Amino acid sequence: MNKVVSSVQEAVADIHDGAVIAVPGFFTCGVPRALLWALVEKGVKNLTLTCGCGPLVGASDISQALVQNGQLKKVIDSYGLFRSASKGLQDPFEQAVRAGTIELEVSPMGTLAERYRAAAAGIPAFYTPTGVGSVVEEMVVTNIDANRQQKETRVFGEAKYILEYALKPDFALIHAFIGDTEGNLSYNKTALNFNHVMATAAKVTIAEVEKIVEPGVLKPGDVRTPSVYVHRVVHAERPKFAITID
Amino acid sequence: MNKVVSSVQEAVADIHDGAVIAVPGFFTCGVPRALLWALVEKGVKNLTLTCGCGPLVGASDISQALVQNGQLKKVIDSYGLFRSASKGLQDPFEQAVRAGTIELEVSPMGTLAERYRAAAAGIPAFYTPTGVGSVVEEMVVTNIDANRQQKETRVFGEAKYILEYALKPDFALIHAFIGDTEGNLSYNKTALNFNHVMATAAKVTIAEVEKIVEPGVLKPGDVRTPSVYVHRVVHAERPKFAITID
Amino acid sequence: MSEATKKVKVRFEGLPREMIALRVSREIPEGSYVNLGIGIPTLISNWIEGRDIVLQAELGMLKTGPLVEGDEADQDLINASCQAICSLQGSSFFDIVESFTMIRGGHIDIAVMGALQINARGDYAGWANPSRGLLVGNIGGSMDLCAGARKLFIAMEHTTKDGETKVVNELTYPETTKGKVSLIFTDLAVMEVTTKGLLLREVAPGLTAENIQSVTEPKLIISPQLKEIEF
Amino acid sequence: MSEATKKVKVRFEGLPREMIALRVSREIPEGSYVNLGIGIPTLISNWIEGRDIVLQAELGMLKTGPLVEGDEADQDLINASCQAICSLQGSSFFDIVESFTMIRGGHIDIAVMGALQINARGDYAGWANPSRGLLVGNIGGSMDLCAGARKLFIAMEHTTKDGETKVVNELTYPETTKGKVSLIFTDLAVMEVTTKGLLLREVAPGLTAENIQSVTEPKLIISPQLKEIEF
């Protein structure tokens, strides 16, 4: 199965208005920058981006373009805002969140990781202690009043747990270091972060890779994301960016 | 942190009567044979072995010794019996199950894998579609009448799911290929199977490894089980066995 | 349904197990990720060389290779039936949690399983034979595959060695799953599970629809395109 | 509690942030696996060289190494504060699910977090400052660490830049967790959360228990072994 497509444009060709798209990356690290720029270029609108830890903070140039193009409906993240309040006030995304024109739903990072894992593994819902004792236990945390749905809790043993649900995106845009033509992927160091789990969670997974190789170059024990999860592979230049969110 | 102990006897020294012990291995492959023989030698009794897919079928010499020593109270597995009924009739373990002197609790393999993962990740319970439409949906499947507890189900969307609980063993006995002195482990090919998840699930994890190396020999990207999960490392000769369950 | 009524009167010469496996292989599209159960399903792996089909093994491997013997056998590289195999270019190893994430999460296109009994609603029994006299049995990964694979095929003999039909009105053996099977391949026929009942699509060479019905409890719907099994 | 009453009357010269971090480091036993939050906790990493303490980073790394700069910086190797770091002998990389399995499953011995406010029951607020005027904030991994780490320490300034105490009777900021904090390290004091209230164990050089009480809302229990913070 040769899953290589020839351009990032072709790779995102079927991403439609209103799509729910998983965006990995931990701040600057492991963000699928080439695919995200292709999304900007394509101009699809009404998008929901489901993140893990601040790729839109780490790749603020892309965030800015998406906001200024009016492409975003909603972002789900654990760390969606700049830490600095003064920098946040100048950020188009935060401005849109303040204006209520983009929804920001905030969740604990591990709960997000687990919700993707649940979607990948056919688990509709699970119980977690994370968030008990905070507002996360009571409701969905979002800037849009109407969407603050109540949460369900249950006691097991002597402790209280929150019921959390699988989060299954339509697409995942992945950044990998090496990918073979069949879709087996490996990652470089901490650029792995949310990439693998999002690849397993989405209905359609599109991987930009720095090096495309023939099957067999990646040894069976070195594959991190097995090919079954990956639908398209496209070459992307090694991205360049400053390692900072300040 | 140097976690190396000098003998398998020392490695299992604190395993007590009545302990719940995770035993990995898929039939013959990846079974912690040296640690299990140390358990036989130690003679602790009233043990519950929580397995995944037939290590006691694959290592029937060890199973036989444990049964004949009267060490087993209960086994949890997805594949605990010989496939052949005639071979089963001659097997001391199956004989004890038939006599009701050892309990055999049977579960779908993926549900067991997920129950260990849940224990590892602090998830007390999760919902799964596996087993719906079978007796697994209604009760715990076991040869001991009194232990056939009812299961709980719930509908999400249009489908029915079973509530399954975390399975947290007191000890996990792990077989790894390479381990460093700090407890980082890697595995060989399909000998990985249940080893990693059991290492993460147990309160105390003891790893027999074929090669002990200094920290740094295993590269950070080649570690499969990070040291935080591993409490003791002991050298064990590469095991020899026939690749068959017939 | 008593034991007696399940006995079939005539036994037909059907396909050998290898040919059932070949027929199933023809129903697997190129580009499929497939898990094969123990028994006849395992034999399908002999028929996919050169085809763009990737096999998954529950114990933690994708793109399993052929069986190996003797000195080539590696005790750390087996398939889910505990047979020594090899890897291929593009294979991957992973742990059991990843393996069942694939299986339970809907990533496997087709699972082919053996069965002890099947009915017209697509329910099947495969994990415990009550004749063994035990309330427990070997479930293995079968229920996970039933829950998670996108399509579920059954490959089996049409009747038991004792001459009882395995295609029954009501299961008397413990169910593995309900309503998930879409196609049934036996030594005698190919049948499709439809909302109206079992559709007889193909019969083994030399047999008629009446022959198949005579060894099948549910009333069969005969396909207008009924034909001999082709290879 | 109105804003006005929270204002402290006198401001004391306390420890610099680096020294708070040093004091926390002394409370971490050899052989610990530790996660450090953003802010003062991150500075603890400067004090553990040569000690048998392993740091975990949420983004997927165990045994994080020191910061690196310039040409040595690798864009694919950062810590959870988005700073370039290096790996050490015995380090490991893993994905986010494994990382939060460690954190949520009780495998991390100690988490050290910053805080905006803390009370005598061990509740703390750290994820959202209402003064920013937003109903949302950055939770990151903080709530996961609170739920999963075996022990939870807070390292912070005792008062805000505006001179308000952060050690309060009742939190006015959104809680991160309830009742999980065991030790509080500030520039002025070390306090232990006990069932009877906050136990003042150590004071910064030159300060008295009365000084600490004057910038602390809850009534402090003074330890009979009260002493100066030692390094």
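None of the values given here were measured: they were computed from a predicted structure. Per chain, numbering begins at 1; letters A, B, ... match sequence-line order.
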Among the listed options D:D95, D:D74, D:T101, D:L135, the residue most often paired with chain A at heavy-atom distances under 4.5 Å: D:D95

I'd like to check A:E137 versus D:E175 (side-chain heavy atoms, cut-off strictly below 4.5 Å). Are they in contact? no

Given the options A:V57, A:T111, A:T244, which has more heavy-atom pairs under 4.5 Å with chain D than any of the others? A:T111

Segment of A:E105 engaging chain D (4.5 angstrom heavy-atom cut-off): neither

If every non-hydrogen atom of A:P108 is compared with every non-hydrogen atom of D:I139, which pair is closest and at what distance? CA-CG2, 3.8 Å

Under 3.5 Å, is there a donor-acceptor pair between the side chain of D:Q75 and the main chain of A:A191? no

Between chain D and each of A:P24, A:G54, A:S107, A:G30, count heavy-atom pairs under 4.5 Å; write down the option with the most. A:S107

Counting only non-hydrogen atoms closer than 4.5 Å, does D:A80 touch chain A with its backbone (N, CA, C, O), its side chain (CB onward), both, or neither? both

So which heavy atom on A:L192 is nearest to which on D:F94, and how close? CD2-C, 3.5 Å

Portion of D:L77 that has a non-hydrogen atom of chain A nearer than 4.5 angstrom: both

Flag, side chain of D:N138 to backbone of A:G80, donor-acceptor distance under 3.5 Å: yes

Between A:M109 and D:I96, is any pair of side-chain heavy atoms under 4.5 Å apart? yes

Which atom names give the shortest non-hydrogen contact between D:V136 and A:V106, and what distance separates them? CB-CG2, 3.6 Å

Taking every non-hydrogen pair under 4.5 Å, which of D:S99, D:G137, D:G148, D:G60 racks up the most with chain A? D:G137

Report which part of A:D77 has an atom under 4.5 Å of a heavy atom belonging to chain D: side chain, backbone, both, or neither. neither

Turns out that what part of D:I38 lies under 4.5 Å from chain A's heavy atoms comes down to side chain

Option in D:V97, D:I78, D:I85, D:T176 with maximal non-hydrogen atom pairs under 4.5 Å from chain A: D:I78

Report the distance from atom CD of A:E114 to atom CZ of D:F100, rounding to the nearest 0.5 Å. 11.0 Å

Return the option, out of A:L81, A:V197, A:V132, A:N143, with the maximum number of heavy-atom pairs under 4.5 Å with chain D. A:L81

Might you confirm whether atom NZ of D:K151 has over 12 heavy atoms from other residues, nucleotides or ligands at distances under 6.0 Å? no

What residue, out of D:R104, D:K178, D:M143, D:M61, has the most heavy-atom pairs lying under 4.5 Å from chain A? D:R104

Donor-acceptor contact present, side-chain A:T130 to main-chain D:A147, <3.5 Å: no

Let me confirm one number: the CG-CZ distance from A:N188 to D:F93, rounded to the nearest 0.5 Å. 7.5 Å

Toward chain D, the part of A:F177 with a non-hydrogen atom under 4.5 Å: neither

Atom pair CZ/OG of A:F27 and D:S81 - distance to nearest 0.5 Å: 7.5 Å

Report yes if the side chains of A:V135 and D:W127 come closer than 4.5 Å at any heavy-atom pair, otherwise no. yes

Quick check against the 3.5 Å criterion: does D:T177 have a side-chain atom that pairs as donor or acceptor with the backbone of A:G133? no

Under 4.5 Å to a heavy atom of chain D? For A:R224 that would be side chain

Can you find a heavy atom in the side chain of A:I243 that is under 4.5 Å from one in the side chain of D:Q83? no

Choice from A:V97, A:T128, A:L112 maximising heavy atom contacts with chain D below 4.5 Å: A:T128

So CG of D:D144 and OG of A:S78: to nearest 0.5 Å the spacing works out to 8.0 Å

Below 4.5 Å, heavy-atom pairs only: which of A:C29, A:A113, A:G52 has the largest tally toward chain D? A:C29

What are the two closest non-hydrogen atoms of A:R98 and D:R132, and how far apart are they? NH2-O, 2.9 Å

With a sphere of 6.0 Å drawn around NZ of A:K74, does it hold more than 12 non-hydrogen atoms of other residues, nucleotides or ligands? yes

